[in-house]
**Student:** 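Can you keep this structure in mind? I'll have questions shortly.
None of the values given here were measured: they were computed from a predicted structure. Numbered from 1 within each chain, the chains take letters A, B, ... in sequence-line order.
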2 protein chains.
Amino acid sequence: MKTRGARPIGMSLWETTHVVYREFERMLAAHGLNRATWFILLALDEAVHPTQREVARAVGISDATLTHHVRNLEDAGLVHRTRDPDDRRVQCIELTDEGRAAFARIHDDAMAFDRRMRAVLGPETTAALLGALDTLTTEFARPGDSTPIPRA
Amino acid sequence: MKTRGARPIGMSLWETTHVVYREFERMLAAHGLNRATWFILLALDEAVHPTQREVARAVGISDATLTHHVRNLEDAGLVHRTRDPDDRRVQCIELTDEGRAAFARIHDDAMAFDRRMRAVLGPETTAALLGALDTLTTEFARPGDSTPIPRA
DNA sequence: TATTGTTATACTCTATAACTATA
DNA sequence: TATAGTTATAGAGTATAACAATA
């Protein structure tokens with residue numbers, strides 16, 4: 001068949017995301033985290049006392065998968081869980097002091113990573129890229145799917 | 001901490017790639033393929049009688065992982081392997097008639113998918129997006145990594 | 001009955017190491 | 001010795017289903 005012609009956008013999208021995220025995850029790994037646990041910490045940072053279910057929705061994974069990752073974070077001493085006294089079904093996840101310190105360190109690295117991307121693109125191309133990505137997300141998103149994080 | 005400020009580019013990149021690829025893989029699944037096996041068929045289409053090792057390099061997976069996927073493709077009747085008579089260590093992978101037909105069908109769907117992306121973006125934004133992705137890939141690629149396909 | 005979260009289990013993709021067979 | 005590929009095994013991330021505790 002010898003498929004020739006313009007390279008599909010999806011190919012470039014896939015390759016770039018892969019290349020960029022391999023570097024990003026290398027950084028996370030140096031802090032003992034992976035993509036999922038980093039997204040969980042971000043979700044914790046953006047909500048006040050979220051339930052595990054809310055965090056799972058924000059991250060885009062199942063409750064069972066979240067339990068798995070939260071256990072790892074807890075074993076690492078970065079988060080602490082307590083049952084909500086007003087509704088003892090609910091687990092309240094909070095960063096420990098150590099977790100807050102780790103978050104701050106990783107957040108610094110993540111911001112530096114973002115600055116590197118913006119610097120190499122320049123402000124106009126950065127804006128164009130973000131606009132294009134947003135257009136594609138709107139076009140292909142399914143209602144009811146949250147998901148910033150899936151298996152890739 | 002309440003991290004506020006501009007959304008990181010990586011977040012958008014990740015989310016868009018996820019949303020787009022979930023739809024793409026839904027299409028592939030309707031044809032009985034997944035991302036890895038589709039990339040393998042693409043690699044077969046672009047080279048003449050490649051060895052398995054060459055295909056693995058092109059796809060960006062290990063030899064052992066390739067064996068795994070090729071076995072699935074063979075079980076599905078889409079490819080056929082023969083030992084190279086000139087060097088019996090080498091497996092030559094070829095599409096079967098059924099494989100060629102499946103490839104053509106999926107390729108049509110993949111092109112339609114690409115047209116949909118280009119249509120919603122428009123020609124200028126498409127070009128800008130591809131340029132930005134290329135810039136990022138160049139910035140973050142590591143020499144010696146082939147990789148169009150990894151786990152994401 | 002409904003909801004929150006956990007456990008048990010399993011599946012998929014991936015890799016490394018050890019191996020076979022060929023060269 | 002070196003190379004192409006396979007097998008055996010394991011690990012990471014994910015999910016579904018069944019469950020316990022609580023409401």
**Student:** Between D/dA4, D/dA15, C/dT6, which one does the side chain of B/R89 approach most closely?
**Tutor:** D/dA4
**Student:** Send over the distance from B/R71 CZ to D/dA4 P, rounded to a whole Å.
**Tutor:** 19 Å
**Student:** By nearest heavy atom, map A/D86 and A/N72 onto DNA chain D; which one lands nearer the 5' end?
**Tutor:**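 Taking each residue's closest nucleotide, the earlier one in sequence belongs to A/N72.
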**Student:** Classify B/T51 by what it touches in the nucleic acid, base, sugar-phosphate, or nothing, heavy-atom distance under 4.0 Å.
**Tutor:**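 Result for B/T51 = sugar-phosphate.
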**Student:** In whole angstroms, how far is the P atom of C/dT20 from the CZ atom of B/R83?
**Tutor:** 15 Å
**Student:** Report yes or no: do B/T65 and B/S62 form a side-chain donor-acceptor pair below 3.5 Å?
**Tutor:**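 Looking only at side-chain atoms, B/S62 and B/T65 do form a donor-acceptor pair, the distance falling under 3.5 Å.
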**Student:** Under 4.0 Å, heavy atoms only, any strand: does B/R88 hit a base, just the sugar-phosphate, or nothing?
**Tutor:**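 Answer is sugar-phosphate: B/R88 comes under 4.0 Å of backbone atoms only.
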**Student:** If you compare every side-chain N and O of A/N34 against the phosphate oxygens of D/dA12 (OP1, OP2), does one of them come in below 4.0 Å?
**Tutor:**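 Negative; the distance criterion is not met.
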**Student:** B/Q52 side chain: which of C/dA15, D/dT6, C/dT6 is closest?
**Tutor:**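 Within the option list, the nearest is D/dT6.
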**Student:** Between C/dT7, C/dT6, D/dT6, spot the one nearest the side chain of A/A64, thanks.
**Tutor:**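 Of the candidates, C/dT7 comes closest.
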**Student:** Which part of the nucleic acid, if any, lies within contact of A/H69, taking any heavy atom under 4.0 Å across all strands shown: a base, the sugar-phosphate backbone alone, or nothing?
**Tutor:** sugar-phosphate
**Student:** Would you indicate, yes or no, if C/dG5 has its OP1 or OP2 atom less than 4.0 angstrom from a side-chain nitrogen or oxygen of A/T67?
**Tutor:**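 For A/T67, the contact criterion (side-chain N or O under 4.0 Å from OP1 or OP2 of C/dG5) is not met.
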**Student:** Can you tell me if the side-chain N/O atoms of A/T65 get under 4.0 Å from OP1 or OP2 in D/dG13?
**Tutor:**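 For A/T65, the contact criterion (side-chain N or O under 4.0 Å from OP1 or OP2 of D/dG13) is not met.
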**Student:** Starting from P on C/dA8, measure out to NE2 on A/H68 and report it in whole angstrom.
**Tutor:**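 Result: 15 Å.
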**Student:** Nearest to the side chain of A/R81, heavy atoms from C-beta on, is which of C/dT14, C/dC13, C/dT6?
**Tutor:**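 For A/R81, the side-chain atoms sit closest to C/dT6.
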**Student:** Considering only side-chain heavy atoms of A/S62, which listed nucleotide, D/dT16, C/dT16, C/dT14, is closest?
**Tutor:** D/dT16
**Student:** Among the clusters formed by ILVMFWY side chains lying less than 4.5 Å apart, do B/L28 and B/M117 turn up in the same one?
**Tutor:**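 Shared cluster, yes.
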**Student:** Check A/L44 against A/P50 and note the closest heavy-atom contact, atom names and distance.
**Tutor:** CD2-CG, 3.9 Å
**Student:** Between A/P85 and B/E54, just flag the one whose closest nucleotide in DNA chain D comes earlier from the 5' side.
**Tutor:** B/E54
**Student:** Write down the distance between CG (A/D63) and C1' (C/dT3), rounded to a whole number of angstrom.
**Tutor:** 10 Å
**Student:** Which nucleotide, D/dT6, C/dT6, D/dT22, lies nearest any side-chain atom of A/D87?
**Tutor:** D/dT22
**Student:** Just by distance, with hydrogens left out, do A/D134 and A/T137 show a side-chain donor and acceptor under 3.5 Å apart?
**Tutor:** no
